Amino acid sequence: MTTDPLRLVVFDCDGTLVDSQHAIAHCMDHAFAQNGLDCPGLENTRTIIGLSLPEAITKLAAPNRIDDALIDAITVAYKTAFFTLRQTPDFHEPLFPGVREVLAELDRRQWLSGVATGKARRGLDAVLARNELEGRFATLQTCDNHPSKPNPAMLMAALEETGVDAPNAVIVGDTSYDIEMGRAAGMIAIGVDWGYHDVDTLHKSGAHAVISHFDDLPVVLDRIWESDRDAA
């Protein structure tokens, strides 16, 4: 009799669990304008969502060749703007369709779940609280204690914290940074097509699969892990 190994499914946050692009772009534009720079706009900002904030700002501001002091100032302005925005009555950062149902299915299968995000822990906690998901995940990894994606440090910490082996773990994300991070950690990397990087980019980054609906995830993982079992 064989026992199924412990499984772990780690989710990115922005663009995978929640649709936060408009809030992020609004605050980024505000932070840049407050510091005398042209606003990057939504399309440019979408390309850096997923990176830790200083790295994201550095990429957006690259044509201006700004120094560390200005990057720090933009970072502070962004955090302040987001904190303020989050207090407004009409603040909207919705879960994507199917999130709750898939999390329930992972529970039914006794698979662990986690989050690895470029957000600070304060921002992640706010998202989880707003959506009544506190205490829902076995591991939460943020940029507070790790280098930015695609460095695999967050995923390596998640594996160590949960005791799951890399081949039995998956990262689910919407950007090339998520996919590259997962591959570097030796994990399965699943892209989603409802986020902020296009499907072609996800495939080129090494995604094992790209899904179009959240409820496709368990089916895809069953297929991948069943294939691995047959090959063993």
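Numbering of residues begins at 1 and proceeds along the displayed sequence. Nothing here was measured: the structure is a model prediction, and the numbers come from that model.
Applying the side-chain hydrogen bond (donor to acceptor under 3.5 Å, both in side chains) test to every pair with at least one member in residues 94-105, sequence neighbours left out, gives these pairs: E105-R108, E105-R109. Residue pairs meeting the ring-ring contact (aromatic ring centres under 6.0 Å, His included) criterion with at least one partner in residues 105-132, sequence neighbours excluded, are W111-W225. A ring-ring contact (aromatic ring centres under 6.0 Å, His included) check over residues 133-162, counting only residues at least two apart or in different chains, returns nothing.
The closest side-chain donor-acceptor pair between Y177 and N151, if any, does not fall under 3.5 angstrom. Between T75 and D72, the side chains place no donor N or O within less than 3.5 Å of an acceptor N or O (distance only, hydrogens not considered).
For the atom pair C143 SG and L51 CG, the distance stands at 10.5 Å (nearest 0.5 Å). Interatomic distance, NE2 of H197 versus CZ of R46, reported as 8.5 Å (0.5 Å rounding). The CE atom of M156 lies 12.0 Å from the CE atom of M181; values are rounded to the nearest 0.5 Å. Between atom CD1 of residue I24 and atom NZ of residue K119 there is a gap of 5.0 Å, rounded to the nearest 0.5 Å. Between atom CG of residue L155 and atom CD1 of residue I171 there is a gap of 5.0 Å, rounded to the nearest 0.5 Å. Rounded to the nearest 0.5 angstrom, T45 OG1 and H22 NE2 are separated by 11.5 Å.
Remark: K204 pairs with D200 by the side chain to side chain contact (heavy atoms under 4.5 Å, CB included) rule, at least two apart or across chains. Applying the side chain to side chain donor-acceptor pair (under 3.5 Å) criterion to N35, with sequence neighbours excluded, gives no partner residue.
With hydrogens and angles ignored, the 3.5 Å screen pairs no side-chain donor or acceptor of N168 with any backbone N or O of V164. No side-chain donor-acceptor contact under 3.5 Å links S20 to the backbone of E93. Of the possible donor and acceptor atoms, none in the side chain of D29 sits under 3.5 Å from a partner among the backbone N and O of H26.
Of all non-hydrogen atoms in D12 and L17, the two that sit nearest each other are O-CG, 3.3 Å. Contact between G50 and K149 at its shortest, heavy atoms only, is O-CD, 3.4 Å. Closest heavy-atom contact between D19 and Y196: OD1-OH, 3.0 Å. In terms of heavy atoms, A207 sits closest to I179 at N-CG2, 3.3 Å.
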Expected list for residues 209-217: side-chain donor-acceptor pairs under 3.5 angstrom, two or more places apart:
{"from": "S212", "atom 1": "OG", "to": "D193", "atom 2": "OD2", "distance (Å)": "2.6"}
{"from": "D216", "atom 1": "OD2", "to": "H213", "atom 2": "N", "distance (Å)": "3.4"}

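Residue F91 qualifies as enclosed at atom CZ: its count of foreign heavy atoms under 6.0 Å is above 12. For E132, the CD atom is loosely surrounded, since the number of other residues' heavy atoms within 6.0 Å does not exceed 12. Around atom CD of Q87, more than 12 heavy atoms belonging to other residues, nucleotides or ligands sit under 6.0 Å away.
Ring geometry for Y78 versus F82: interplanar angle of 30 to 60°, hence tilted.
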